[in-house]
Amino acid sequence: MFSNGPLLEVENLRVTFTSGRGRRSTEVHAVDDISFNIYEGETFGLVGESGCGKTTTGRAIIRLYDPTSGTVRFRGREISGPMTKDLRDYLTSNIAMIFQDPVESLNPRMTVQEIVEEGLKVRGIRDPEQLRTRVYSMLSKIGLSQEHASRYPHEFSGGQRQRIGIARALITSPSLVIADEPVSALDVSIQAQVINLLNDLKAELGLTIMFIAHDLSVVKYFSNRVAVMYYGKIVELAESDELYMYPLHPYTRSLLSAVPQPNPVTERKRKRISYDPAADHDYSKEEPSLREVYPGHFVSCSESELKRYRLELQAQGKIS
Ligand SMILES: Nc1ncnc2c1ncn2[C@@H]1O[C@H](COP(=O)(O)OP(=O)(O)O)[C@@H](O)[C@H]1O
Ligand SMILES: [Mg+2]
């Protein structure tokens, strides 16, 4: 599907947070050895419940956090090594992040013009006329007008503020945008508008998007591939349609069972499945690893689970 090769390569990434000191210090393995690629032009969904490590993954890629170990490459260049000015410039000109909370992430004392132009200034553009023109053109792309440029964040609704967050991220023409739950804080009625806007901008600007969400319903319609995270690990990764039609990992199934069905008949039959790792797996003899059950469909499993998953796919007519 993507002939362009990986734009982003994440290999054995770990981020461990340590709190406290000495013998009383505790470690949180927020991201625990994950690997995936994101291809040019795709929307890659990263899904999992709160606290599973999604934000940490995004922040480690863009280097708001330093990886504890592992390698991340962007267009073949390592971006996980020691920070230098050159690497910082490379990151800011190629990758941008849209944050979850449009209220917290916009400085209340800055005008929209100042907020959106910041990335350009960092890159050395100083000419006020050029800054204004670039910001006006960006504002029109996100559905605001130039009159909005002199206003402050509190004068806008939640959806408009997230649009401003999107403008700020896209002003420097990044290739990869990490959107960290960009609609979770918004009213349901506004969520679709912001998602549609992102999709339109993706096509118009040729973006690649890593879209982080805590439930599968949001990413379903526009992610090409989806990775499901659970306690710092990727437990399943597949093309979006495949994941929804043939979920294999019990955690993915439990997440899917939480998605309301538009059809009232299937909605009435919907049963919530809960995931209980101790009951669902026996890893006493064999550690799980991410294995390819079907081309492009990876599941964290043991060898015996792999066999069982393949039999399930056979029974469903997916493989012969
Ligand atoms: N700066 C930090 N310091 C210490 N622990 C953190 C920090 N950021 C996140 N964590 C912990 O790492 C884990 C993953 O958090 P996070 O990446 O924010 O998850 P998610 O975005 O999926 O909700 C959680 O247990 C969280 O408490
Ligand atoms: Mg988060």
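Just so you know, ligand 1 is whichever comes first in the structure, and atom 1 is the first atom listed for that ligand.
For Thr55, the nearest N, O or S atom to the Mg ion (ligand 2) falls under 2.8 Å.
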(request) Decide side chain to side chain contact (heavy atoms under 4.5 Å, CB included) for Leu8 and Arg73; before the verdict, give the C-alpha distance in whole Å, the side-chain angles of both, and the deciding distance to 0.1 Å. (result) CA-CA 6 Å; Leu8 184 83; Arg73 288 186 212 87; over 6 Å; no
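Of the protein's non-hydrogen atoms, Tyr65 OH, 3.5 Å is the one closest to atom 1 (N) of ligand 1. At the shortest separation from atom 16 (P) of ligand 1 among protein heavy atoms lies Thr56 OG1, 3.6 Å. Counting only heavy atoms of the protein, atom 18 (O) of ligand 1 lies nearest to Thr55 CB, 3.8 Å.
Taking a cut-off of under 4.0 Å to the non-hydrogen atoms of Gly51, the atoms of ligand 1 that pass are 13 (C), 14 (C), 19 (O), 20 (P), 22 (O), 23 (O), 24 (C), 25 (O). Less than 4.0 angstrom separates some heavy atom of Ser50 from each of these atoms of ligand 1: 23 (O).
A salt bridge links Glu286 and Arg291; the closest N-O separation between the charged side-chain nitrogens and carboxylate oxygens is under 4.0 Å. A salt bridge links Lys318 with Glu242; the closest basic N to acidic carboxylate O contact falls under 4.0 Å. Ion pairing of Glu129 with Arg132 is present here, as a side-chain N (NZ or NE/NH1/NH2) and a carboxylate O approach within less than 4.0 Å.
Not less than 6.0 angstrom separates the ring centroid of Tyr231 from the ring centroid of His29. In this structure, His148 has its ring center at least 6.0 angstrom away from the ring center of Tyr136.
Considering backbone and side-chain atoms together, Thr57 places no N or O closer than 3.5 Å to any N or O of ligand 1. Checking only distances, Phe17 never comes within under 3.5 Å of ligand 1, N or O to N or O.
With Gly58, Ala213, Ala30 as candidates, the residue nearest to atom 12 (O) of ligand 1 on a non-hydrogen basis is Ala30.
The hydrophobic cluster containing Val259 does not contain Tyr246, counting ILVMFWY residues as joined when their side-chain heavy atoms lie under 4.5 angstrom apart, directly or transitively.
Checked against Arg225 for a side-chain hydrogen bond (donor to acceptor under 3.5 Å, both in side chains), the options His297, Glu239, Glu42 give a single hit: Glu42.
When distances from atom 5 (N) of ligand 1 to the protein are checked, a heavy atom turns up under 4.0 Å.
The closest approach between a heavy atom of Gly53 and any atom of ligand 1 is below 4.0 Å.
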